[in-house]
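Encoded as structure tokens, the structure appears first; notes follow it.
Source: prediction; values computed, not measured.
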Amino acid sequence: MILTPTSMRFSENFFLACGSAAVALMLSTAASAEKLDLSREAPVPAGEQIPLVDFIRPNLLQEPKLNPSGTHIAALVTSGADRHALLVADLKTNKLEGYDAGGENDIYDVTWLNDKRLIFSVTTRKGRPFGLLAGDIGDLRSCFALLQDVQTSIVAVPPKNRLRPLVGLHSGGLNTSMDAGMVATINTDIRMGTIINFAKEGVTDSDVAEAKENNDRHIVDRIEGPKGTFDTGFLANKEGQLEYGFTATDGLYTMHRLVGNGWEKCPVDLEEIDVVGSGNDRGQLVVAGPRQEGKPRALQFMDGATGKLGDVLLQDTAYDFNGWLYRDPASRDVVGAMYERNGPRSAWFNESYRALQKVLDGFFPGLVVRIIGSDEGGKLFLVATFSDRQPPVYNWVDLEKHTVGLFKKSRPWIDPARMQGMNVMKFKTRDGRQLDAYVTLPAGASKKNPPPLVVLAHAGPLARDNWGFNGQVQFLASRGYAVLQPNYRGSPGYGWMFPKTDEWEFRKMSDDVTDAVKTLIAAGVVDAGRVAIMGTAFGGYLAVSGVVNEPALYRCAVTVSGTFDWEQLINDNKINKYNIPTFQRMVLKLGDPKKDPQRFESIAPVRHVDQVRVPVFVAYGGDNAVAEISQSKRLISELERHNVPHESLVVGNDWHGIAHLDNQVELYSRIEAFLAKNLASRSPSTAAP
């Protein structure tokens with residue numbers, strides 16, 4: 001197979017038509033977008049400082065998907081300041097069509113049903129669910145509601161009956177009990193739904209009644225899940241038939257198999273097995289297998305009915321499997337997996353895909369190449385290429401015509417030549433394990449000219465940092481800071497090294513971060529006297545824990561929407577004890593504060609603010625959950641009581657965290673000023689502790 005470059009005619013015509021506000025179809029541009037100059041798509045001139053907004057603004061285009069025959073691509077595009085709308089491109093004619101939900105509404109989870117019809121979900125206020133809509137290319141203006149006033153998730157699109165997808169419903173308002181979700185077969189081949197008027201203010205009783213009536217019209221069949229599936233989920237086989245439901249009781253997850261119209265509990269311990277997806281045969285699953293002494297967990301088949309493990313598909317030599325499956329669009333078989341270790345990897349279980357990957361890697365040297373999808377004939381492929389300096393760039397590859405071309409850059413305003421490389425650093429924990437951290441140095445950094453360091457603790461705890469382009473990291477590097485991103489115990493990929501209980505040992509995680517910082521300082525490439533620690537959510541907890549546990553190591557700390565007293569969080573969320581599985585699991589794993597008060601004392605940095613010797617910046621969203629707000633307010637109060645220098649920022653109109661772009665710009669502008677003030681050079685330089 002020989003691939004040759006073709007002209008970029010499609011790319012240029014396509015996105016010239018998109019216009020300055022992302023796409024010409026967009027209905028309006030917010031005043032904040034004009035103030036932030038979101039109309040500019042080209043990088044700023046080489047001699048000009050890259051503005052903050054370029055690092056944090058949403059991608060121009062993301063999540064492109066081919067329809068089954070490969071004639072059209074659907075994607076999410078930015079609308080106004082920071083909203084997502086739907087755009088569809090005809091690959092043959094370059095014709096563009098789109099749908100914008102307007103107001104503060106976002107479109108997400110776009111799925112092709114067939115070559116012409118799409119379904120997608122809409123949320124308000126960056127995450128509050130609204131409903132499920134459908135539309136046809138050529139007439140997207142007439143998109144109609146399938147389900148309203150309900151949170152949805154696409155379970156499967158049956159290949160033999162594509163207009164009747166299986167949809168998970170996570171609401172108590174659809175004739176289902178509050179402790180069980182349901183899967184409904186939705187008839188999308190009718191237009192009984194009303195065209196949505198997103199500009200309407202307020203919701204009346206008649207609106208709610210109409211929504212419920214509309215839901216009932218489109219739901220042609222429903223299966224209530226086993227008790228406890230309200231906030232967990234369902235899994236279908238490759239033919240789109242519902243097979244499994246996952247439940248949670250008192251923090252423990254269980255799996256059930258659909259037999260007839262009832263559910264049977266499977267003999268599978270989900271404390272030891274992680275279900276990744278369905279397999280190639282009925283009843284078959286693909287799982288991250290159980291722990292093995294001295295070996296990372298493998299990706300392998302399993303019989304869901306018996307729990308019997310089957311063939312191993314992939315077992316890394318140093319990392320547990322942490323990724324997702326790739327299916328051939330025609331056969332629906334699992335043919336590969338994408339996963340993360342110290343860098344991104346692709347593994348193919350099919351020789352033709354292995355050969356294709358080699359060709360693609362050769363055509364895009366120096367970049368990670370990931371296949372996103374293809375037509376069912378396997379002739380046209382959509383791929384993403386990226387690196388630590390380059391945000392994803394979407395390309396199409398025509399195997400029949402032996403041509404390849406640019407589809408679109410996700411962030412055209414980013415110049416990879418001005419970005420900094422992300423390096424992998426190994427460090428040892430104090431109990432002798434070896435973990436990864438990522439180090440990004442600013443331009444001009446050297447042992448003779450060591451830069452100040454910002455330690456960026458990731459959220460979690462069951463999350464991780466990955467190698468690749470990171471806007472937050474590149475922003476800090478552009479301002480002259482080295483950035484350290486440590487993966488601590490509990491981060492996916494490293495579980496085989498530690499006892500399972502360590503996934504909830506928060507003090508040990510804080511110690512891991514400290515060990516990574518001291519390893520980097522010992523290398524002599526950063527200024528040991530100018531170190532800050534920063535994080536959001538659990539990362540914000542680690543930031544405050546850092547300046548409590550290691551008061552001499554850091555010059556300042558930044559925490560955003562953090563939790564600082566887990567006993568307080570448990571007490572403030574008692575109402576969620578019965579209906580939020582993730583909260584139940586936290587209580588199960590952390591224990592009872594009344595039975596183990598010393599543990600909760602040791603992992604509550606807000607109770608030890610008297611040990612803090614450096615300035616702290618505290619930020620949170622004013623419309624967050626009451627329990628989240630109370631955590632930050634209490635921290636500020638304790639900082640004031642102990643006369644610790646501090647600054648605070650409250651953003652009042654974000655539903656969860658700090659999500660809106662204008663609020664993020666304000667947040668990072670304040671952080672930039674805070675770091676500049678507190679990491680300024682001192683003479684003589686402070687020695688390392």
Side-chain angles (χ1 to χ4, degrees), residues 68 111-114 153-162 164-168 183 185 221 223 225-226 229 232-247 253-270 272-290 292 297-316 320-339 346-357 371 373-378:
T111 301
W112 286 102
L113 295 183
N114 56 24
S153 60
I154 307 302
V155 176
V157 177
K160 295 181 180 179
N161 196 359
R162 303 185 69 100
R164 293 200 171 186
L166 302 185
V167 178
V183 171
T185 300
D221 190 19
I223 298 175
T229 55
T232 48
F234 300 91
L235 183 64
N237 61 27
K238 73 173 188 179
E239 300 299 330
Q241 300 161 327
L242 181 63
E243 285 199 334
Y244 296 101
F246 299 88
T247 70
Y253 294 102
T254 54
M255 184 173 76
H256 301 256
R257 185 168 63 101
L258 183 63
V259 180
N261 292 321
W263 295 94
E264 292 184 359
K265 186 176 179 180
C266 299
V268 177
D269 184 356
L270 295 184
E272 296 296 325
I273 297 288
D274 293 327
V275 177
V276 180
S278 56
N280 298 332
D281 303 318
R282 289 193 179 186
Q284 187 182 59
L285 296 169
V286 180
V287 303
Q292 304 175 53
R297 298 173 65 189
L299 182 72
Q300 58 191 124
F301 288 119
M302 185 186 77
D303 185 303
T306 65
K308 182 180 179 180
L309 293 168
D311 292 341
V312 171
L313 293 168
L314 171 67
Q315 186 166 26
D316 194 89
D320 291 335
F321 178 79
N322 172 43
W324 62 96
L325 305 176
Y326 185 89
R327 294 181 178 279
D328 181 84
S331 69
R332 303 296 299 158
D333 283 345
V334 176
V335 294
M338 318 295 183
Y339 67 106
S346 298
W348 297 107
F349 318 130
N350 176 297
E351 183 57 41
S352 63
Y353 276 92
R354 282 194 289 268
L356 174 61
Q357 185 71 57
I371 298 174
S374 73
D375 64 351
E376 291 187 343

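The line from CD of Glu243 to CG of Leu258 is 8.5 Å long, rounded to the nearest 0.5 Å. Of the inter-residue distances, the one linking Thr185 atom OG1 with Arg164 atom CZ reads 8.0 Å to the nearest 0.5 angstrom. In this structure, the separation between NE2 on His256 and OG1 on Thr254 is 3.5 Å, given to the nearest 0.5 Å.
The salt bridge (Lys or Arg N to Asp or Glu O under 4.0 Å) check on Glu272 picks up nothing, with sequence neighbours excluded. Take Asp328 and apply the salt bridge (Lys or Arg N to Asp or Glu O under 4.0 Å) test, not counting sequence neighbours, and it matches no residue. The salt bridge (Lys or Arg N to Asp or Glu O under 4.0 Å) search around Asp375 returns none, not counting sequence neighbours. When the salt bridge (Lys or Arg N to Asp or Glu O under 4.0 Å) test is applied to Asp333, the partners found at least two apart in sequence or on another chain are Lys238. Residues passing the side chain to side chain contact (heavy atoms under 4.5 Å, CB included) test with Gln241, sequence neighbours excluded: Asn237, Glu239, Arg282.
Contact check for Asp311 versus Leu313: no side-chain heavy atoms found under the 4.5 Å cut-off. Counting only heavy atoms from C-beta outward, the side chains of Tyr326 and Val335 approach each other to under 4.5 Å. At least one side-chain heavy atom of Leu309 sits under 4.5 Å from a side-chain heavy atom of Met302. Side-chain contact check for Pro290 versus Gln300: some heavy-atom pair is nearer than 4.5 Å.
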- request: Go through Asp316 and Phe321 one step at a time and tell me if the side-chain contact (heavy atoms from CB on, under 4.5 Å) criterion holds.
  value: CA-CA 7 Å; Asp316 194 89; Phe321 178 79; over 6 Å; no
task: Apply side-chain contact (heavy atoms from CB on, under 4.5 Å) to Leu356 and Ile371, showing your working.
output: CA-CA 10 Å; Leu356 174 61; Ile371 298 174; 3.7 Å; yes
field: Chi angles and distances behind the side-chain contact (heavy atoms from CB on, under 4.5 Å) call for Leu299, Tyr339
entry: CA-CA 11 Å; Leu299 182 72; Tyr339 67 106; over 6 Å; no
query: Taking it one step at a time, do Cys266 and Tyr244 satisfy side-chain contact (heavy atoms from CB on, under 4.5 Å)?
result: CA-CA 9 Å; Cys266 299; Tyr244 296 101; 4.0 Å; yes
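In this structure, Ile154 and Thr111 approach most closely via the heavy-atom pair CG1-OG1, 4.1 Å. The two atoms that bring Ser374 and Gly378 nearest to each other are OG-CA, 4.4 Å, heavy atoms only. Residue Gly245 comes nearest to Trp263 through the heavy atom pair N-CZ3, 3.2 Å, listed as atom of the first residue, atom of the second, then distance. In plain terms, the two heavy atoms of Thr306 and Asp303 that are nearest each other are N-OD1, 3.1 Å. Taking each heavy atom of Trp348 and Gly336 in turn, the nearest pair found is CE3-CA, 3.6 Å. Minimum heavy-atom separation, Phe234 to Leu242: CB-CD1, 3.8 Å.
Residue pairs satisfying the salt bridge (charged side-chain N to carboxylate O under 4.0 Å, His left out) criterion with at least one member in residues 253-270, sequence neighbours excluded, are listed as follows: Arg257-Glu264.
Neither side chain, Ser278 nor Arg332, offers a donor N or O lying under 3.5 Å from an acceptor on the other.
The backbone N or O of Ala330 sits nowhere less than 3.5 Å from a side-chain atom of Glu376 that would complete a donor-acceptor pair. Panel note: side chain Arg297, backbone Asp320; no donor-acceptor pair is recorded below 3.5 Å.
Remark: of the listed residues Leu285, Asp281, Val312, Asn280, Asn280 is the sole one forming a side chain to side chain contact (heavy atoms under 4.5 Å, CB included) with Phe301.
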